[in-house]
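Below is one structure, written out as structure tokens; the observations come after it.
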Amino acid sequence: MTAVTAALLAGTLLAPLNSSIVAVGLDAVRRDFAIGFAEVSWLVTGFYLTACVAMPVAGRLADVYGPRSVFAAGMAVASAASAAAPFAPTIELLVACRCLLALGVSASFPCLMVTLRRLGTPGRLSAVALVNTTAGAVGPVVGGPAVAWLGWPAVFWVNLPLTCAALVVALVLLPGRPPSAGRGPRRGSDLLGGLLFAGGLALLLRAVLVHPFDVPSGLAALGVLTAFVAWELRVAAPFVDVRALRAAPGMLAVLAGFVLFNLGYYAAFYGLPQWFQGPLGLGPAQAGLLLFPLAASSVLATVGGARLLGPLTPHRLGLLALGLLLVGSVAVALLRPGSPIWLVATVAALLGVPYGLGNLGMQQLMYDRSPAHLAGLSGGLFQSARYVGAILAVGALGTLTPAAAGDDAAPDVTGLGVAMAVIAVLGAIVLGTTARRHPAGPGTPR
């Protein structure tokens with residue numbers, strides 16, 4: 001069991017690592033290709049958009065066909081994308097490689113959730129949260145010096161040892177297709193439902209990424225997603241079992257709260273490095289090191305949060321995290337270009353604590369409330385909620401940052417901080433309401 005979990009954890013860390021490590025490489029890519037922030041931000045947005053759609057799809061496939069083939073295919077795609085990206089001659093091809101990378105690493109987390117369910121080891125969720133938090137937090141710390149030494153291609157080279165090793169061990173160690181999965185591809189292969197889900201989500205994200213809000217795309221997304229829900233309620237073997245998810249106590253509210261939480265966190269996560277390298281005139285290595293307090297505090301908070309899950313329920317741990325995010329948001333609003341480095345480092349450390357606690361608490365809530373036969377799909381939707389929040393954060397930064405190539409102006413950190421504070425309050429309201437209505441999950445042992 002330990003070897004199987006270790007193999008999946010090795011692949012699972014790739015998604016948060018690639019989500020964060022690119023933050024300190026964006027400025028180098030922008031200068032190398034002579035483009036503005038709006039164009040280079042597609043390296044982030046394209047990754048998240050692809051992952052948003054691919055995560056639930058991979059989870060549903062893992063539920064039906066087993067984690068081994070899905071995970072191995074994902075690692076093969078991620079390896080190919082990481083090897084090709086440094087040689088991309090245009091920003092469009094580089095974005096395409098990032099999207100393929102997202103497609104590959106999207107298989108990891110849902111496959112891990114399916115495996116933990118089958119092995120009956122929910123106690124390892126703390127290790128999952130620790131790996132994800134550590135990988136996401138140390139990405140800029142590792143990526144900063146790597147970009148300074150090897151240039152932006154370093155953010156792709158770092159994947160190859162991990163993806164290749166995970167591919168080999170997955171083929172040997174992971175369980176195959178479950179006996180209950182059926183003998184043919186028809187069982188659970190709701191192609192129309194999958195297409196409606198992917199199309200509706202893509203239209204919705206396009207609507208919020210365009211400034212101002214793209215009303216035609218938003219209306220089209222509403223229509224497609226409505227058709228998706230109607231279809232899933234009537235089909236015998238749905239892609240997303242809407243009835244089961246709706247019946248799970250508070251599951252939908254957990255996903256909504258996780259979107260809000262990540263919107264606030266990633267707005268600061270991607271905004272601060274651009275601010276460091278803009279008016280402060282710091283290099284990528286220095287910008288990465290300035291985020292080290294965030295890395296350290298988020299890892300320590302995850303470790304401490306695992307101990308708090310005994311005396312505290314996941315609801316209360318999530319509320320604590322959102323309250324700390326509110327405090328961190330106010331601190332960001334008070335920062336100025338002339339703020340001393342120690343103050344910036346303190347604010348970064350303050351923001352790392354709610355990230356570690358919130359990720360752990362909400363992941364536990366998701367696992368507790370997920371229907372057992374939809375462990376992969378629920379895990380995929382949970383990760384999609386993370387990426388939706390990150391996409392919205394990047395879209396907000398795009399409206400605050402000048403688009404002209406070579407422009408060193410920084411986002412308006414005051415406005416960003418106020419927005420984060422509002423998001424944190426909304427998230428606290430959502431999670432607090434959920435806690436009152438559903439004070440306890442199914443009682444999964446930890």
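Since the model is a prediction, treat every value here as computed from it, not as a measurement.
- Using a 4.5 Å heavy-atom threshold, the side chains of Val235 and Leu192 count as separate.
- Between Ala62 and Val70, the shortest heavy-atom distance links the atoms N-CG2, 4.0 Å.
- Residues passing the side chain to side chain donor-acceptor pair (under 3.5 Å) test with Thr50, sequence neighbours excluded: none.
- A donor-acceptor pair is defined here as one N or O able to donate and one able to accept, closer than 3.5 Å; no such pair exists between the side chain of Asp32 and the backbone of Ala28.
- One N or O on the side chain of Arg98 and one on the backbone of Asn18 form a donor-acceptor pair closer than 3.5 Å.
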Practice task
Please test Arg386 against Met55 for side chain to side chain contact (heavy atoms under 4.5 Å, CB included), starting from the C-alpha separation and ending with a verdict.
Solution key: CA-CA 11 Å; Arg386 182 196 304 275; Met55 283 276 187; over 6 Å; no

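- Considering all non-hydrogen atoms of both residues, Val95 and Trp42 come closest at CG1-O, 3.9 Å.
- The side chain to side chain contact (heavy atoms under 4.5 Å, CB included) check on Ala96 picks up nothing, with sequence neighbours excluded.
- The line from CG of Leu196 to OG1 of Thr226 is 10.5 Å long, rounded to the nearest 0.5 Å.
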Handout entry: Asn159 vs Val105, side chain to side chain contact (heavy atoms under 4.5 Å, CB included): CA-CA, chis, key distance, verdict
Key = CA-CA 10 Å; Asn159 294 317; Val105 301; over 6 Å; no

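- With rounding to the nearest 0.5 Å, the separation of OG in Ser108 from CG in Leu13 is 8.0 Å.
- Tested against Leu203, the residues Val224, Leu219, Leu222 include a single side chain to side chain contact (heavy atoms under 4.5 Å, CB included) partner, Val224.
- Under the side chain to side chain donor-acceptor pair (under 3.5 Å) criterion, Ser378 pairs with Ser370, sequence neighbours left out.
- Taking SG of Cys111 as the start and CG of Leu116 as the end, the distance is 11.0 Å to the nearest 0.5 Å.
- The two atoms that bring Ala51 and Ser106 nearest to each other are CA-OG, 3.5 Å, heavy atoms only.
- Here the straight-line distance linking atom CG of Leu14 with atom CG of Leu162 works out to 5.5 Å at 0.5 Å rounding.
- Looking at Leu350 and Ser297, their side chains never come closer than 4.5 Å, going by heavy atoms from C-beta outward.
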Problem - Verdict with reasoning, Asn359 to Thr302, per side chain to side chain contact (heavy atoms under 4.5 Å, CB included) - result: CA-CA 8 Å; Asn359 185 52; Thr302 303; 5.8 Å; no

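- Distance alone, capped at 3.5 Å, places no donor-acceptor pair between the Ser298 side chain and the Gly352 backbone.
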Handout entry: Verdict with supporting geometry, Met362 and Phe382, side chain to side chain contact (heavy atoms under 4.5 Å, CB included)
Key = CA-CA 9 Å; Met362 292 186 181; Phe382 183 76; 4.0 Å; yes

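- The heavy-atom pair separating Met75 from Gly104 by the smallest distance is CE-O, 3.9 Å.
- To the nearest 0.5 Å, the span separating CZ on Phe258 from CE on Met366 amounts to 8.5 Å.
- A distance of 6.0 Å separates CZ of Phe71 from OG1 of Thr12, quoted to the nearest 0.5 Å.
- Here the closest non-hydrogen pair linking Asp63 and Ala375 is OD1-N, 3.6 Å.
- For the pair Trp152 and Leu94, the minimum side-chain heavy-atom distance is below 4.5 Å.
- Heavy-atom minimum distance, Leu100 versus Val77: O-CG1, 3.4 Å.
- Not a single donor-acceptor pair under 3.5 Å links the side chain of Arg30 to the backbone N or O of Val40.
- Using modelled atom types, one side-chain atom of Arg117 and one backbone atom of Tyr367 make a donor-acceptor pair closer than 3.5 Å.
- By the 4.5 Å heavy-atom criterion applied to side chains, Pro153 and Trp157 are counted as neighbours.
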